Amino acid sequence: MYDAATETVNATLAAPLDETGLIRAAQSGDADAFERLVRAYDQSVLRIAMNLLRSPDEARDVYQEAFLKIFRNLRQFRFDCSFHTWLYRVVTNVCFDHLRRRKVRKEDSTVVETQDGLVDQVTQIEEVGPAANPERQTWNRELSAGIAAALQELTPRERMVFELRHYEGLRLRAIGEILGTSEEAAKNCLFRATQKMRTRLEAFV
Amino acid sequence: MNCAEVVKQIPMYGYGEISAEMEERIESHLTECEACREELARHRAFVDLLDERDEPIDPTLLTTCRADLRRQIVAETASRPHTGWNWLGSVRGFTAFHIPFRVPVGAIALVAIGWIGAHYAPARFGGVETAGLVQPMFSNVQSVQPDSSGNVSIAVDEVHRRVVSGTFDDPRIRELLLSAVREESNPGVRVESIAVLKDSADLQVVRQALIDAVSHDPNPGVRLKALEGLKQYASDAAVRKALANVLLKDDNAGVRVQAIDVLTAHSDDSIVGVLQDVMQKEDDSYIRARARNLLEAMRASIGTY
């Protein structure tokens with residue numbers, strides 16, 4: 001179905017994403033390359049920030065701070081570790097900073113009291129997706145709220161390890177590198193997190 | 001290995017985070033111990049529950065984040081003019097962050113792909129028209145020829161932008177959209193084009209474009225959008241073949257999850273081999289669980305777990 005004029009484009013599209021090439025291009029000032037790097041990871045970054053902080057405003061701040069740090073320091077990146085390890089390390093640190101600041105401000109909750117009772121503002125974000133089943137939506141809301149509450153009971157480190165392993169699919173070795181710890185320590189952290197989550201969510205199973 | 005040791009290892013066994021030797025010892029114990037098999041089943045039910053969490057990223061938040069980042073980077077670059085960054089000079093890059101994520105199907109205003117039309121299909125549309133043209137977006141000097149009278153003849157290649165509007169029934173619009181799906185420099189344009197095209201995947205040419213996008217596009221967001229368009233064609237042989245390939249080879253777990261969900265919506269024996277490969281190669285626990293359930297339902301061998 002392709003005509004000759006699109007052959008070159010197709011050949012480019014068929015090639016796998018060359019992350020190293022993109023990083024090098026971005027380091028030499030290629031805006032498109034940096035944009036592609038951002039877009040390859042930004043949904044994951046936003047999801048981690050949302051799940052960890054339970055606040056759209058703070059997730060937005062984490063997104064900006066993390067990618068600006070990457071932008072400002074990209075030229076110093078020497079491929080000593082993988083790009084995603086470096087990026088997630090930055091994201092993790094920015095998230096932890098937010099949690100620490102929040103602790104100082106004592107605002108560690110998105111739950112507010114309304115006339116309908118206590119409501120988690122984050123779980124009230126309008127669900128996207130067409131033609132969702134209302135019963136399914138209710139179940140999803142309850143489950144999401146239950147999982148969110150269970151995650152809130154973990155320590156920030158356990159929460160981060162759990163998010164990165166379970167929801168982002170990173171290997172424990174990579175998580176250890178991101179957190180500046182050993183694979184074994186990350187494994188222990190994941191084990192504790194899994195046990196706590198399972199106990200907390202027993203009623204749903 | 002006793003039961004207490006096995007129970008302690010089950011979460012890491014589920015994540016595939018234990019050594020092959022430990023995995024063998026656990027599996028050997030499981031074949032003989034009913035209680036531990038039940039514990040494994042309970043753990044899998046818990047993992048399935050976690051995977052049911054459905055909290056999509058708010059697209060408005062994502063778009064806002066991208067726009068804010070863009071603004072901040074442009075501001076920083078402008079205040080440091082000699083950094084070598086090419087943000088302000090990159091016209092295409094500049095437009096990329098300002099394309100909205102969703103465009104109403106009936107009122108297409110594809111500003112950004114005007115130049116593609118001029119590039120890909122000049123003959124059909126009679127080349128670049130004078131009416132409605134704005135200043136050239138890009139120009140390249142191809143030759144310079146001074147003559148004895150003092151004049152200089154300069155050959156310039158120019159690309160102009162124009163707005164093309166119409167519905168999907170208009171063959172010009174359709175052709176531009178199909179070209180835009182392959183617009184390599186701008187994933188935003190590709191996502192938008194697929195969002196419009198996916199409702200017409202009953203047309204073979206559109207379905208093929210979606211298959212190409214899901215198989216080859218470097219951007220996972222574009223691949224996911226194309227997958228969305230292929231959902232209702234899960235029984236089509238070409239679609240199934242492409243999705244099987246995606247399931248085995250795509251490097252993004254989110255895309256693979258969508259692929260297995262679409263594939264299993266219409267299960268048949270032809271995917272047994274693919275699912276068995278998944279059981280051997282896949283790291284993601286949700287995908288493995290889906291593949292395992294399906295193989296069990298089809299009474300097929302699960303292979304190495």
Side-chain angles (χ1 to χ4, degrees), chain A residues 1-3 5-6 9-10 12-17 28-32 34-36 38-40 42-44 46-47 50-51 56 59-60 63-64 67-68 71-72 123 125-129 136 139-140 143-144 147 165-169 171-172 187 190-191 194-195 197-198 201-202 204-205, chain B residues 8 11-12 15 17 42-43 45-47 49-50 52-59 61-62 64-66 68-70 72-73 76 83-87 89-90 92-94 96-97 119-121 179 182-187 205 208-209 212 215-221 251 253-254 283-285:
Chain A
M1 65 172 287
Y2 298 89
D3 59 29
T6 58
V9 175
N10 291 329
T12 311
L13 279 178
L17 179 68
S28 60
D30 182 335
D32 286 340
F34 185 72
E35 182 191 322
R36 287 179 69 183
V38 169
R39 297 229 176 179
D42 68 347
Q43 296 193 36
S44 170
L46 198 55
R47 192 166 42 239
M50 275 296 289
N51 290 338
R60 190 171 154 182
Y63 181 107
Q64 301 304 323
F67 281 117
L68 277 175
F71 172 73
R72 288 169 188 149
T123 59
I125 294 168
E126 197 176 334
E127 289 187 42
V128 293
R136 183 77 195 162
W139 162 250
N140 276 339
L143 178 63
S144 292
I147 293 175
R165 182 62 191 90
H166 191 87
Y167 288 114
E168 298 303 319
R171 306 296 296 182
L172 281 171
K187 185 185 274 191
L190 176 66
F191 181 76
T194 310
Q195 293 301 100
M197 292 287 288
R198 199 171 145 183
L201 293 169
E202 204 124 51
F204 284 92
V205 182
Chain B
K8 195 173 176 193
M12 298 307 133
Y15 284 122
E17 292 278 6
R42 279 193 295 275
H43 181 75
F46 161 68
V47 168
L49 182 80
L50 291 174
E52 277 190 54
R53 180 176 77 166
D54 185 12
E55 281 192 0
I57 296 173
D58 178 3
L61 178 63
L62 183 63
T64 308
C65 285
R66 286 173 173 173
D68 287 352
L69 179 65
R70 180 78 196 173
Q72 292 200 43
I73 287 179
E76 282 203 13
T83 55
W85 281 87
N86 194 26
W87 288 92
S90 170
R92 277 187 297 163
F94 189 78
F97 266 90
H119 183 75
Y120 282 111
S179 294
R182 301 177 186 91
E183 208 292 277
E184 63 174 312
S185 67
N186 193 333
V205 67
Q208 187 58 48
D212 291 338
S215 304
H216 301 305
D217 198 288
N219 185 296
D251 59 3
D283 285 335
D284 187 279
S285 55

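The model shown is predicted, which means the values in this text are computed figures rather than measured ones. Lettering of chains follows the sequences in order, A, B, ..., and the numbering in each one begins at 1.
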With distance as the sole test, does [X] use its side chain to make a donor-acceptor pair with the main-chain N or O of [Y] at under 3.5 Å?
{"X": "A:Tyr167", "Y": "B:Leu50", "value": "yes"}
{"X": "A:Arg165", "Y": "B:Tyr15", "value": "yes"}
{"X": "A:Gln64", "Y": "B:Cys65", "value": "yes"}

Pairwise distance [atom1]([X]) to [atom2]([Y]) - rounded to 0.5 angstrom:
{"X": "B:Leu49", "Y": "A:Leu143", "atom1": "CG", "atom2": "CG", "result": "5.0 Å"}
{"X": "B:Leu62", "Y": "A:Leu46", "atom1": "CG", "atom2": "CG", "result": "6.0 Å"}
{"X": "A:Phe67", "Y": "B:Leu69", "atom1": "CZ", "atom2": "CG", "result": "7.5 Å"}
{"X": "A:Leu190", "Y": "B:Met12", "atom1": "CG", "atom2": "CE", "result": "4.0 Å"}
{"X": "A:Glu35", "Y": "B:Arg66", "atom1": "CD", "atom2": "CZ", "result": "8.5 Å"}

Original post:
Contact part of A:Glu168 toward chain B, heavy-atom cut-off under 4.5 Å: side chain, backbone, both or neither?
Top reply: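 Nothing of A:Glu168, per the 4.5 Å heavy-atom cut-off to chain B.
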Subject >> Portion of A:Ile147 that has a non-hydrogen atom of chain B nearer than 4.5 angstrom >> reply: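 Contact with chain B is through the side chain of A:Ile147 alone.
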**OP:** Would you please test B:Val47 and A:His166 for side-chain contact (heavy atoms from CB on, under 4.5 Å) and show each step?
**Re:** CA-CA 9 Å; B:Val47 168; A:His166 191 87; 3.9 Å; yes
Subject >> Salt bridge A:Arg171-B:Glu17, side-chain N to carboxylate O under 4.0 Å >> reply: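 Yes, this pair counts.
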Original post:
chain A heavy atoms under 4.5 Å from B:Asn219: which part of the residue, side chain, backbone, both or neither?
Top reply: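 B:Asn219 touches chain A through side-chain heavy atoms alone.
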**OP:** Please report the C-alpha distance between A:Tyr63 and B:Leu61 in whole Å, then the side-chain angles of each, then the deciding distance to 0.1 Å, and finally whether the side-chain contact (heavy atoms from CB on, under 4.5 Å) criterion is met.
**Re:** CA-CA 10 Å; A:Tyr63 181 107; B:Leu61 178 63; over 6 Å; no
Subject >> Side-chain heavy atoms of A:Gln43 within contact of B:Pro220, under 4.5 Å >> reply: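 No. Closest side-chain heavy atoms not under 4.5 Å.
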**OP:** Go through the steps to decide whether A:Phe71 and B:Gln72 satisfy the test side-chain contact (heavy atoms from CB on, under 4.5 Å), and finish with yes or no.
**Re:** CA-CA 11 Å; A:Phe71 172 73; B:Gln72 292 200 43; over 6 Å; no
**OP:** Heavy atoms only, distances under 4.5 angstrom: which of A:Arg198, A:Gln195, A:Lys187 has the most pairs with chain B? Name it, please.
**Re:**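 That would be A:Arg198.
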Original post:
Checking side-chain contact (heavy atoms from CB on, under 4.5 Å) for the pair A:Met197/B:Phe46: CA distance, chi angles, key distance, verdict?
Top reply: CA-CA 9 Å; A:Met197 292 287 288; B:Phe46 161 68; 3.7 Å; yes
